[in-house]
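Have a look at the structure below, then the notes.
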Protein chains: 2
Amino acid sequence: MATKGILSKGKQKEMKSAGLRMTGQRALILDIISQRPGHLAADEVYSLARQRQPGISLSTVYRNLQALKKLGLIKELHFDDSHHHYEVKPSIEHHHLVCQGCGKVVEFGCELSQKMMQEIARKKGFKVTGVEVHMTGYCAECQRRQE
Amino acid sequence: MATKGILSKGKQKEMKSAGLRMTGQRALILDIISQRPGHLAADEVYSLARQRQPGISLSTVYRNLQALKKLGLIKELHFDDSHHHYEVKPSIEHHHLVCQGCGKVVEFGCELSQKMMQEIARKKGFKVTGVEVHMTGYCAECQRRQE
DNA sequence: ATGGCTGCAAAAGTTTTGCACTTCT
DNA sequence: AGAAGTGCAAAACTTTTGCAGCCAT
């Protein structure tokens, strides 16, 4: 099984203590999401996975996306679509800017979001575990096209 | 038809020029969303609508949610659920903080988000039309319960 | 060996669509 | 008349679940 290199030793222990196993399918899914820049929808993960392991089932993809999410290895995003998107959890928080003209998604980092997080946590008495900033607009090309 | 008071004169004109009509069902749906603080899922709008107009159909609710969204009168939110939520478009931008323990949703205002919007617009060459900040965490009560 | 994992098929849940009919302008 | 809206039923889509057998630890 080609699981080596995908998970750090620490993460492997974490999985074990959660009673989870690293199977071929799980490693494959994690690998697919890791290698793609950006974010994939469940069915995109599925079709990419089938290219490498034709027998894999869609339920397995969904179950593993849930498992990896719960483990904190991947992040689930909610765009305007009706379905979810997934990406590896980045070490540095980043956010998304979606073009309403062409659907392009641009990632951006922002220190302000950390400040915002602390401010709200204090004000509302919450222990904040995550921030997701989602902007919509029109990219440079789409603006030009509209004129 | 009890449409008066729900839409400003300006908004009525806006609808007209978009080729839209203000029907009883549309006014009802807009009224329901306006009166509720917070955010409703489509099926909640549906069941509230049926209390006042038993014959209304679910498709009408969905079609009108789309229409009102396109018009910019309501806003579609994407939480972790599999379905969408709707709220009236507020005059002052506000965001959402969801408790992972009990599901409670707290709204908050934040000037930083405006600053962030301008910064990103400049950096990325986008014309930004909207920002949505979504935080997750644990509320004060759920934190206490966990200890 | 035992408890998690998989594939398959079926189910569940949300949202969309086709169609004939009605309603507004 | 012509365009938009509605209700109903059916369809489309994404996601979840039950189950029997399989596999990692």
Side-chain angles (χ1 to χ4, degrees), chain A residues 1-4 6-7 9 11-30 39-50 52-71 73-74 76-86, chain B residues 1-4 7 12-30 39-47 49-50 52-71 73-74 76-86:
Chain A
M1 196 193 311
T3 60
K4 63 182 173 197
I6 291 174
L7 279 188
K9 286 267 169 60
K11 288 294 180 188
Q12 284 187 32
K13 260 191 200 159
E14 206 176 310
M15 287 196 71
K16 216 167 169 178
S17 71
L20 296 179
R21 292 172 192 165
M22 180 45 73
T23 61
Q25 288 90 333
R26 190 163 290 166
L28 175 59
I29 289 168
L30 188 51
H39 19 65
L40 294 165
D43 66 309
E44 292 170 324
V45 175
Y46 177 54
S47 72
L48 286 169
R50 282 191 84 88
R52 291 214 247 153
Q53 185 183 315
I56 198 170
S57 80
L58 184 56
S59 358
T60 296
V61 171
Y62 273 107
R63 277 188 288 232
N64 279 320
L65 289 174
Q66 290 306 324
L68 293 170
K69 183 178 84 168
K70 203 165 289 176
L71 256 173
L73 292 174
I74 63 175
E76 192 180 74
L77 304 171
H78 308 93
F79 293 157
D80 291 14
D81 308 282
S82 52
H83 50 240
H84 304 158
H85 290 247
Y86 299 87
Chain B
M1 198 191 309
T3 60
K4 62 181 174 195
L7 278 189
Q12 283 186 33
K13 259 190 202 158
E14 206 176 310
M15 286 196 72
K16 217 167 169 179
S17 73
L20 296 179
R21 294 171 192 166
M22 180 46 74
T23 61
Q25 288 89 333
R26 191 162 288 167
L28 175 60
I29 289 168
L30 187 52
H39 19 64
L40 294 166
D43 66 309
E44 293 171 320
V45 174
Y46 178 54
S47 72
R50 282 192 85 87
R52 292 215 245 153
Q53 185 183 314
I56 198 172
S57 80
L58 184 55
S59 357
T60 296
V61 170
Y62 273 106
R63 277 189 286 231
N64 280 320
L65 288 173
Q66 290 306 325
L68 293 170
K69 183 177 84 168
K70 203 164 287 173
L71 255 173
L73 292 175
I74 63 175
E76 192 179 75
L77 304 171
H78 308 92
F79 293 155
D80 292 12
D81 308 281
S82 53
H83 50 240
H84 304 157
H85 289 248
Y86 299 87

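To find a chain, count down the sequence lines: A is the first, B the second, and so on, and within it residues start at 1. What you see below is based on every heavy atom in this structure, not just the backbone, and it leaves out hydrogens, waters and symmetry mates.
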Between [N] ([atom2]) and [X] ([atom1]): distance, integer Å:
X	N	atom1	atom2	answer
Asn64(B)	dT6(D)	CG	C1'	9 Å
Phe79(A)	dT14(D)	CZ	P	16 Å
Leu68(B)	dG5(D)	CG	C1'	13 Å
Glu44(A)	dT14(D)	CD	C1'	13 Å
Arg26(B)	dT22(C)	CZ	C1'	15 Å
Leu28(A)	dT6(C)	CG	P	11 Å
Ile29(A)	dT6(C)	CD1	C1'	11 Å
Lys70(A)	dC5(C)	NZ	P	11 Å

**Asked** Going from OH on Tyr62(A) to CG on Asp43(A), what distance comes out if it is rounded to the nearest 0.5 angstrom?
**Response** 6.5 Å

**Fill in**
Sequence neighbours excluded, the answer for ring pair (Phe, Tyr, Trp, His ring centres under 6.0 Å) partners of His78(B) is His84(B)

**Asked** Within the modelled atom types, does a donor on one side and an acceptor on the other bring the side chain of Arg21(A) and the base of dG4(C) under 3.5 Å apart?
**Response** yes

**Fill in**
Protein heavy-atom contacts under 4.0 Å, written 5' to 3' over nucleotides 7-15 of chain C as B (base), S (sugar-phosphate only) or - (none), form the string BBB----SB

**Prompt:** Considering residues at least two apart in sequence or located in another chain, which fulfil the salt bridge (Lys or Arg N to Asp or Glu O under 4.0 Å) criterion with Lys69(B)?
**Reply:** Glu76(B)

**Request:** Looking only at non-hydrogen atoms, find the nearest pair between Ile56(B) and Tyr46(B) and report the distance.
**Result:** O-CE1, 3.5 Å

**Prompt:** So, for Met22(A) and Ala27(A), which heavy atoms are closest and what is the spacing to 0.1 Å?
**Reply:** SD-N, 3.5 Å

**Message:** I want to check something: taking the side chain as every heavy atom from C-beta on, are Arg26(A) and Leu20(A) in contact at a cut-off of under 4.5 Å?
**Reply:** yes

